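Here is the structure we will look at.
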Amino acid sequence: MSEETKVTKPSSGVLPRLLAAFVIGLILGGLGTFLVQSSQYSAQLSDLQNRVNTLQAAVNALNTTKIYTIGVSFPLTGELSDVGNQWKTVAQMALNDLNSELANENVKVQFKLVIVDDKTQAQDALTAVQSLAQQGIKVVVGPAASSQVKAVKAYADANQILIVSPSSTSPTLAIPNDFIIRTVGSDAVQAEALAKLAFEQGARNVVVFYRDDEYGQAFAQFFNNVFSSLGGKATLTKYATGLPDYASEVAQLSSQVKAIGADAVVMISFDTDGANILGHAKDDPTLSSVRWFSSEGVHGTTQLLSPEIATFIRKVNLLGTRPVFKENPVYIDFAARYKSLTGRDPPVFAANVYDSIILVGKAILLAGKYDGAAIRAAMFKVASNYYGASGWCILNSAGDRMYQDYAIWTVSSVNGTYEYQDIGSYSGGTITWG
Amino acid sequence: MDVVGFLVSWITLFSIYSILSISLNLEAGYTGISNFGKAAFYGIGAFFAAVISLSAFLMLNGLSYPLYSLETIISMGTLSKQNPILSILIFLFTVVLAFFVSGIAGYMVSYPTLRVGPAFLGITVLSFGELLRIFLRNFQPTGGTYGLAGIPHPFAFIQDPAVKDFMFMLVTLVILAIMYIFSEKFVNSPYGRIMKSIREDEIASLCLGKDVPKIKAQVLFIGSGMAGVAGALLAYYMGSINPDIFVPSLTFEVWAMVILGGLANNKGALLGAGIITFLNRASVILNFTFQNLPIDVNYIRWMIVGLLIVASLLFKPEGLIPEDPKSSFIWNFVEEKEPISLKKRMEETSKKVKFYIKKVFDWFAMGGG
Amino acid sequence: MNLIDLGVVINTLWIGLIYSLMAIPLTISYKVTRVLNFAHTSLVTVGAYVAVILSLVYPDFFSNVFVALIAAFFAGAIVAILNHKFVYRKLMDKEASPVILMIASLGSWIFLKYLIYSVISIVSKVIKKDLYFAVPAFRYTLNLNFLGISNPSLTYSLILGISLIVLTFVVFYRTSFGKAMRAVSDNPQLAQISGISDESVMTLTWFLCGGLAAISGVFWAMFSYASPEFADSLILQVFAACVIGGISSIALTILGGFVIAGAENILMSILYNLIGLDLSFRPFLSFLTLLIVILVRPPAGAAGGLPYRLKFKRERKWT
Amino acid sequence: MPLLEARNLTAGYEKLKIVRGINLALNEGEILSVLGPNGAGKSTLLNAIFGVARIFEGKVFLNGKEITGKKPYEVARLGIGYAPQIQNVFPNLTVEENLELSAFKRNGIDVKKEMESIFKLFPEIERRRKNFAKTLSGGERQMLAMARALISKPLVLLLDEPTAGLSPKATSVLLKKVKEIVIELNVSVILVEQNVTKALETSNRVAILVGGEFVYQGNSNELTREEVEKMFFGEKVRQEL
């Protein structure tokens, strides 16, 4: 009978189980520490092996080709999938260029890309970088959005994985001595360029229509600072990101422009939202009667070249800034090749993606070994003498691009079709036309 | 390949998601509350932990930067390494408090939503989550769209990243174990049987004199609290959070985990979370093996994840581990099955053992033929 | 100060119409088959992309809106039927609960979404055009101005959308097929013993719903744009419209669509002009409206607090 | 040859066998009452004939053709009408639509004409032909259910407790109607009933089902109500007979 009572009333309470869990945890912990340490030993061993291998490689001389893998974390799906998928093509172009250059110079090194989708999500970016790092990769190009870069920062710093983001522009990531390198100029300069451009074009009372994310928020703030110091008045209006359509926002914008009697709209957007906003603005009489200015986000979308939107752009004389060194032969060559490959102009930050891959490749070569810290140090050296598709890539102490020149772009009609054109440049604080 | 690193990172993620799926299982599996706002309570926990630990560190060091500013992120890099005991204390403190903060939020949300009736409870909580997310996006003190970064890792003082991650994994595992044991105890208690009775028939439970809305609210308190703990762990693990992490699709992912593993079964919740997080993490191996396919390998990866969810449901529509019939309240009524006593079971086992021993002896007796 | 502009009203009309068009098939398919279909978004996207791709590849033939709409209708219908045959039917045969069906639809949504991504990536490589963000070619060839609305694709979608809704009503309430659908949604067992094959009714329902969803996708692409993600960002609003209608009646669903659209546009406009509420609060308003509607006037008899039973459980036996 | 025949039928739900070893034959033009206490398996028997319940063993024939294992809608199209006890109308359809539906997809039936003739039989529901079925009273619902089962001109009509919950007067009216129908529409009826007296009055033959098995089959005028009720309570009447 005593067994019976034991069945109905479980004798073990919570405490013994917790204790058991604790003991199991301890055992697991010991085991894990052992594993970690043994993996360290094995890492040392493999380091030794590597050295032997390099020695052997040196002895065997030029017969073997060494292959380095560069990790890439791009938003192939999710909100930024449009640019992400085009960047993929750009990255492959850069890789081919890099490899063929190395082959031409008879360097027995080749590079390989592993592209992992991060879904434009912070947590997926972290798992993407972790997956790459666990496969022994030390350099990752990407992720795209600042929120994603922040999510991978802690892991990258601790494990010495170099993150090279081609498009993160958030001012809260200008952190010295970390493993984040950003090959794109701070928006502070571009905002200044855009503000000066708008002011020079006669705008005094503008509505800044910006996306409600880190990019838009920072850009609008910088723009407002510069524009007010010049003597203009800027009204900031933000719109939600990730919406499938912006017709309502445009309607609101129109009524606001009418209400405050603004003479220009400054649009700070990405490509899909920007093109959509312009597509709706063309039907609005108020918005067709003021000037428009734009950041680089919408540059390169095919939609802007469609006759109806292009006519609108001509009518409101839309001018935009974009980070590129004007009449840069490397960029012109790059853009032409990209167009022949895909049939369209390079998307936003394409040149930065291209340069990021090339820079990473050269930094690995200079470092001579596949190690995050060494590549990081080499990266600064390589970047200080590198002139690429996006111009001079010199980095400052925070690992961000130091100088960035900007082109002034618009859409104009050439032989009956519409094309993007750079009609001026912004360099060292002044605008030069032509 | 770094197998240890992979396991550590996967198990950490698995533990966080398991806590979520166990909490959802308590609500949806055992009590029949279709909570589609899991992400909201997850987010509340994460933001609470981030805000408290960041401001605690800033305050203790006499700094007064805004929480999301660059200066905070930079100074946190050094501050978090200075005092191990403080880091761990703040971590434990926020994780425990996150339970109550999220739990109270869940309890409060339940008040109006339960009055609506269960059919629309799911969408009501989902809307609440979205409202919260959009609000946080526009709420500057917690960073707005910048989010919060530089959240001090509790083991930041450990130099070796592998050991650091391993310690964190251990902590999440221990918390998961506590949650698991707690919910197992909970659902097998008399209270758990009331929960199941509510799931099976609310009106009947009402007629039995159970205060159904109150019990539902209490379950939501516990479930949301557990989600809050998971959120706090996520915040410390990632070191940065922003409102857009806590989108409704995250909730659906947790639902898929629970359904896949089998509703009303905590083991199933673990299994579901394990399978989906493992698929997400391990399928990246495809990216390394298959390059230059005509279709991007990432798309194939996600397609396989979707297919596997459908396939496993087709294979076992009741989930991989269906609800244990013996512990089910309803089943006992229908089948009128007597639980087998220990004595009987032992007798049966000893009979079996004797049989096999005899067989072995026979085998030897036959000369091993 | 002018609180509401004409543009805002037109947007409300149009977006309300689109929400209704997307919500109606969701409601119908839920009523008849008891599947809360997350893969609905994929159907919408499939429709939009079939029209976009065909009109870009064969501009001569498919630049006609109607041809493109018909092509999209059949594409969406086929995908929906295949999804039903390979997933939902099999699960129903195993007597899976509606929650399981919902999660299965989540699975097929993930699968279809990335299938669409794959197809787009291949096609855009072949035709050398960006399809991740595209508008159909016929958008530029439309010319029809109506009621002073200058945007021709808006005019088209308004006229076609309203006629489609009318057509749906006719099908649902006047034809014998519609009656059979309603019978199955009322009581599938009784429908069977009255000699209605529930399987053929369900297949036809998916045909209709898939096609309608696809057509709403084409309308969206005509006015806005097509991307593999656009329907995902719409789905919550569409669900909200359904829920306001209690996922029960078509008329209430349409009302729901317009209520949500009104909150997003007219209410937004008023609040923006009155108290300067940020435009980024627009999605906030739609969910707030949904919450208020649910709490104040619970749809479809969900009122009265607790003694209201979960409608999920399908009555299996009526002995 | 009997019109409808069940041979050695064992049926139930899922794993549960509710009726066992049933042999039943229905001849043309007769009314067969199936009587039995609650839970005897009367409704399950009808469901088994109709392919709704699960058949473990045995076969069902209609006009000599086997219909075992056919889907309910196929059985309905072969010529069996069924009015279940509860949930027997489509509440969100109008009365007319309820009737129309049953004739849906049936060849050679003029729905309009049939409906008029059915309405002649059931003037009570003709008055409410445009109303939703959910607004009907219990008796009207039963009539509608019967009408719905009849409109497709079935050979056999299965009625599952049509008088449950009706007042005595309504019961009489309804059962009188059943008798009329048999003559007028030339249909055979299996009537499951609880009201023993009325059932004996109405039917030609009677079968008594207790605990899932037939304990008696015979002409209804050979039995009295008391004898039937004795059988309900399990007395071994079978040996006597």
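If you're wondering where the values come from, they're calculated on a predicted model, not measured in any experiment.
Under the ring-ring contact (aromatic ring centres under 6.0 Å, His included) criterion, A:F222 pairs with no residue, sequence neighbours left out.
In this structure, A:T302 contributes its side chain and C:D130 its backbone to no donor-acceptor pair below 3.5 Å.
By the 4.5 Å heavy-atom criterion applied to side chains, C:S233 and A:L243 are not counted as neighbours. Within the 4.5 Å cutoff, the side chain of C:K129 has no heavy atoms near those of the A:R344 side chain. Taking 4.5 Å as the limit, every side-chain heavy atom of C:E229 sits out of range of all side-chain heavy atoms of A:T272. At a threshold of 4.5 Å between non-hydrogen side-chain atoms, the residues C:F133 and A:Q303 count as touching. Side-chain contact check for A:T237 versus C:Y272: some heavy-atom pair is nearer than 4.5 Å. Residues A:T342 and C:K128 are not in side-chain contact: their nearest non-hydrogen atoms beyond the backbone lie 4.5 Å or more apart. Side-chain contact between A:S248 and C:M268 is absent, with no heavy-atom pair separated by less than 4.5 Å.
Neither the backbone nor the side chain of C:L131 comes within contact range of chain A, judged by heavy atoms closer than 4.5 Å. Using a 4.5 Å cut-off between heavy atoms, A:Y210 does not touch chain C at all. C:F284 does not touch chain A: none of its heavy atoms, backbone or side chain, sits under 4.5 Å away. The part of A:L341 that comes within reach of chain C is its backbone (N, CA, C, O), which places non-hydrogen atoms under 4.5 angstrom from that chain. Of the atoms belonging to A:S340, it is backbone heavy atoms, and not side-chain ones, that fall under 4.5 Å from chain C.
Heavy atoms only, all atoms of each residue included: A:P244 and C:Y225 are closest at O-CE2, 3.3 Å.
Within the structure, the ring-ring contact (aromatic ring centres under 6.0 Å, His included) test picks out the following pairs touching residues 246-277 of chain A (sequence neighbours left out): A:Y215-A:F270, A:Y239-A:Y246.
Here the CG atom belonging to A:D245 is positioned 5.5 Å from the CD1 atom belonging to C:I15, to the nearest 0.5 angstrom. One finds the CD atom of A:E249 at 6.0 Å from the CG atom of C:L279 (value rounded to the nearest 0.5 Å). The structure places CD of A:Q256 at 11.5 Å from OG of C:S269, a figure rounded to the nearest 0.5 Å. Once rounded to the nearest 0.5 Å, the distance linking CG of A:D271 with OH of C:Y132 reads 13.0 Å. Atom CD of residue A:Q252 and atom CG of residue C:N273 lie 6.0 Å apart, to the nearest 0.5 angstrom.
For the set C:Y114, C:F230, C:Y117, the entry with the most heavy-atom pairs within less than 4.5 Å of chain A is C:Y117. The candidate with the highest count of non-hydrogen atom pairs below 4.5 Å against chain C, out of A:A247, A:S254, A:A275, is A:A247. Heavy-atom pairs under 4.5 Å with chain A were tallied for C:T12, C:I127, C:D232, C:N11; the largest tally goes to C:N11.
Residues of residues 345-353 of chain A having a heavy atom under 4.5 Å from any heavy atom of chain C: none. Within residues 72-87 of chain A, the residues having any heavy atom under 4.5 Å from a heavy atom of chain C are, by residue number, A:L76, A:T77, A:G78, A:S81, A:D82, A:N85, A:Q86.
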